[in-house]
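Chain letters run A, B, ... following the sequence lines, proteins first, then strands; residues in each count from 1. These numbers were taken from a predicted model, which means no experiment stands behind them.
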Amino acid sequence: MRLSKLFTKTSKSVPADETARNAQLLIQGGYVHKEMAGVYAYLPLGLKVLNNVADIVRDEMDKVGGQEVWMSVLQPKDIWELTDRWDDAKVDNWFKTKLANGTELGVGLTHEEPVVDSLKPYVNSYKDLPLKVYQIQSKFRNELRAKSGIMRGREFLMKDLYTFSRTEDEHKQQYEELAEAYHRVYERLGIGDITYRTFASGGIFSQFSDEFQTLSHVGEDTIYVDEAKKIAINKEVFTDEVLQQIGLKKDDLVEKRAVEVGNIFSLGTKYTDALGLTYTDEDGAEQQIIMGCYGIGVSRLVGVLAEHFADDKGLAWPKAVAPALVQLVTVGEDEKVISEAEKLYEVLQAAGISVLYDDRAVRPGTKFADADLLGMPYRVVISSKTLEQSSVEVKARTSETAELVPQNSLITHLQA
RNA sequence: CGGGGAUUGGCGCAGUUGGCUAGCGCGCGCGGUUUGGGACCGCGAGGUCGAAGGUUCGAGUCCUUUAUCCCCGACCA
């Protein structure tokens with residue numbers, strides 16, 4: 001990707017209508033465009049990050065046997081009435097619309113009903129279970145107030161997975177399998193050490209749930225962390241009774257602010273019963289199916305990562321999600337510099353290293369400032385000075401100092 | 001949904017007690033000098049001041065309504 005061809009530009013001034021650091025940086029860097037409150041478009045660089053996060057989530061879901069689908073955003077009213085979740089008094093953040101003939105439709109805010117509905121033709125026998133189905137798709141929620149930049153929007157990308165089990169034991173096993181997969185996702189994103197499985201309320205789904213909370217000063221939730229056990233409890237269910245139930249002692253807990261980056265629920269047979277999804281067991285008897293649902297806010301994670309991996313100069317993406325590993329920067333207009341840079345651009349990409357190539361005819365200061373703002377893990381500078389020593393200058397975004405690396409060992413240096 | 005703040009070229013802002021062709025910085029275009037931490041000079045394009053209504057000889061400025069955005073709260077997967 002050449003910066004000279006990229007239609008987005010960086011901005012020196014902080015957007016006036018954002019106070020959240022994540023949105024300020026993402027807008028200044030041209031990663032996202034704010035369309036309206038709580039609704040953001042992902043521009044080329046932002047989409048790369050979003051897709052990189054989604055790919056990690058997808059990979060971990062696939063590894064535990066998740067089968068990916070793409071459900072519909074438009075929702076028929078009837079299946080939601082079966083579970084009593086159509087009424088605005090019961091679920092107040094629906095976006096609803098109508099067909100030309102007046103038929104009411106919902107705009108998907110979660111997909112328990114549709115996933116159960118879509119499984120009915122296929123899941124009939126004990127041989128079909130257990131099962132994990134998931135999708136990565138935009139969700140639409142009519143929040144009274146959007147806030148925190150891209151971390152709490154009205155339209156956002158979410159991974160939602162649903163498990164279907166024959167017994168409580170089987171369900172519990174799937175539930176824990178997913179909880180472990182979630183930990184691996186956060187680990188790969190570089191926030192494993194500050195993300196806690198957190199006992200919480202179940203909202204509109206169930207009495208209790210497990211949230212995954214990432215510590216952050218901009219967090220919306222207050223949680224109490226047991227550092228030794230690496231688990232936490234949300235303030236909303238913080239009572240002596242619940243503490244005893246989950247085996248935490250008040251004295252071991254530290255109060256923290258955190259952002260919810262995942263949430264998993266046991267749904268029992270509420271949805272499968274209501275929509276009539278059952279299976280026939282070995283003895284030919286009809287049995288109930290136990291369900292679980294597991295969400296990860298993919299676009300919210302982009303915000304969390306932007307916010308967490310940033311300094312006063314800009315973004316500092318972890319390698320796993322950065323739009324490119326390297327920002328290649330030319331200094332000066334010397335022909336030799338340009339031709340060597342062009343060569344390097346090709347060679348790096350051929351070696352599987354993604355490159356954001358700053359080939360613009362602008363002054364070095366501008367390029368360095370933009371490299372800091374955009375936050376690729378490495379900045380590689382090539383100039384007349386470095387070429388005199390057959391080298392390039394390599395600086396990690398998170399490091400204060402740069403080092404000269406011989407051109408012919410750059411690839412191994414970057415891959416280390 | 002309650003409370004507070006805001007809205008003026010693409011972005012960030014100024015605009016006095018109502019007064020003349022609405023300014024500044026960034027960015028953008030053209031010309032020139034520059035080239036290792038956001039260079040400089042000259043010229044230029046770009047704004048019905050969120051919208052509607054009103055007061056007035058005259059409104060960016062005053063009044064009413066309304067839309068949108070931000071923050072606090074409530075709510076929230």
Side-chain angles (χ1 to χ4, degrees), chain A residues 7-20 23-24 27-30 33-39 85 88-94 108-112 137-149 151-162 198 200-206 209-213 218 220-221 234 236 259-265 267 293-300 313-314 329-334 337-338 358 360-374 379 381-388 392-393 395 400 402 404:
Chain A
F7 75 80
T8 57
K9 296 187 174 77
T10 58
S11 169
K12 276 193 238 183
S13 48
V14 179
D17 63 346
E18 296 283 3
T19 52
Q24 289 179 343
I27 289 171
Q28 279 186 267
H33 171 74
K34 184 186 207 165
E35 201 57 45
M36 57 181 125
V39 179
R85 292 212 295 179
D88 289 331
K90 298 273 168 47
V91 176
D92 62 6
N93 56 358
W94 267 113
L109 79 169
T110 183
H111 280 79
E112 286 75 17
Q137 191 191 49
S138 288
K139 295 279 187 270
F140 299 85
R141 293 185 189 174
N142 203 346
E143 297 290 343
L144 286 166
R145 182 185 161 203
K147 58 183 285 196
S148 306
M151 304 213 304
R152 179 166 169 192
R154 298 195 167 96
E155 173 179 340
F156 55 94
L157 191 66
M158 182 171 165
K159 184 282 304 178
D160 45 322
L161 183 145
Y162 305 89
T198 304
S201 111
I204 58 173
F205 298 106
S206 55
S209 72
D210 284 294
E211 295 174 338
F212 290 80
Q213 294 274 2
V218 295
E220 288 186 55
D221 288 282
N234 195 305
E236 63 195 4
V259 180
E260 183 190 327
V261 292
N263 202 179
I264 64 180
F265 304 83
L267 302 178
C293 76
Y294 312 78
I296 288 183
V298 175
S299 50
R300 174 178 283 185
K313 289 182 176 147
V329 173
T330 58
V331 165
E333 300 297 306
D334 189 273
V337 171
I338 307 290
D358 193 347
R360 298 173 300 171
V362 297
R363 294 168 62 89
T366 303
K367 293 191 172 188
F368 295 149
D370 278 345
D372 288 339
L373 173 61
L374 292 174
R379 186 187 78 190
V381 175
I382 179 161
S383 69
S384 310
K385 246 167 47 181
T386 66
L387 285 182
E388 280 167 21
V392 294
E393 179 196 281
K395 179 183 163 299
E400 285 301 312
L404 272 184

remark   = When rounded to whole Å, the CG to P distance for the pair A:Asp92 and B:C76 reads 7 Å
ask   = Would you find a donor on one side and an acceptor on the other, under 3.5 Å apart, between the side chain of A:Arg154 and the backbone of A:Glu143?
value = yes
task = Using only heavy-atom distances, decide whether a donor-acceptor pair under 3.5 angstrom links the side-chain of A:Glu112 to the base of B:A77.
result = no
task = Give the rounded distance in Å between these two atoms: CG of A:Asp370 and P of B:G38.
result = 13 Å
request  = Flag this pair as yes if the NZ/CZ of A:Arg379 is under 6.0 angstrom from the six-membered ring centre of A:Phe368 and inside a 45 degree cone about the axis; otherwise no.
outcome  = yes
ask   = Does a side-chain N or O from A:Arg141 land closer than 4.0 Å to OP1 or OP2 of B:A77, or not?
value = no
request  = Report which part of the nucleic acid A:Glu393 touches: base, sugar-phosphate, or nothing (heavy-atom distance under 4.0 Å, all strands).
outcome  = base
task = Using a cut-off of strictly less than 4.0 Å, decide whether A:Arg145 has a side-chain nitrogen or oxygen near OP1 or OP2 of B:C72.
result = yes
query = Any donor-acceptor pair under 3.5 Å between the side chain of A:Arg360 and the base of B:G38?
reply = no
message = Closer than 3.5 angstrom, by distance alone: can the side chain of A:Gln24 be matched with the main-chain N or O of A:Glu18 as a donor-acceptor pair?
response = yes
Nucleotide B:C40, atom C1' - distance to CZ of A:Arg363 in whole Å = 8 Å
query = Which atom pair, heavy atoms only, marks the closest approach of A:Ala146 to A:Ala37?
reply = CB-C, 4.0 Å
message = Let's test your reading of the model: under 3.5 Å, does the base of B:C75 pair with the side chain of A:Arg152 as donor and acceptor?
response = yes
task = Return no unless some side-chain N or O of A:Lys12 is found under 4.0 Å from OP1 or OP2 of B:G27.
result = yes
ask   = Side-chain contact, heavy-atom cut-off 4.5 Å: A:Asn234 with A:Gln213?
value = yes
task = For A:Phe156, answer base if it contacts any base atom (sugar-phosphate contacts may also be present), sugar-phosphate if it contacts only those atoms, and nothing otherwise; contact means non-hydrogen atoms under 4.0 Å.
result = base
task = May I ask you to say what A:Thr330 touches in the nucleic acid, namely base, sugar-phosphate or nothing, with a heavy-atom cut-off under 4.0 Å?
result = nothing
query = Base, sugar-phosphate, or nothing for A:Asp372, non-hydrogen atoms under 4.0 angstrom?
reply = base
ask   = So does A:Thr19 get a side-chain nitrogen or oxygen closer than 4.0 Å to the phosphate oxygens (OP1/OP2) of B:C70?
value = no
task = Could you state the atom-to-atom distance from CD of A:Glu18 to P of B:C11 in whole Å?
result = 13 Å
message = By the 4.0 Å heavy-atom rule, please label A:Val362 as base, sugar-phosphate, or nothing.
response = nothing
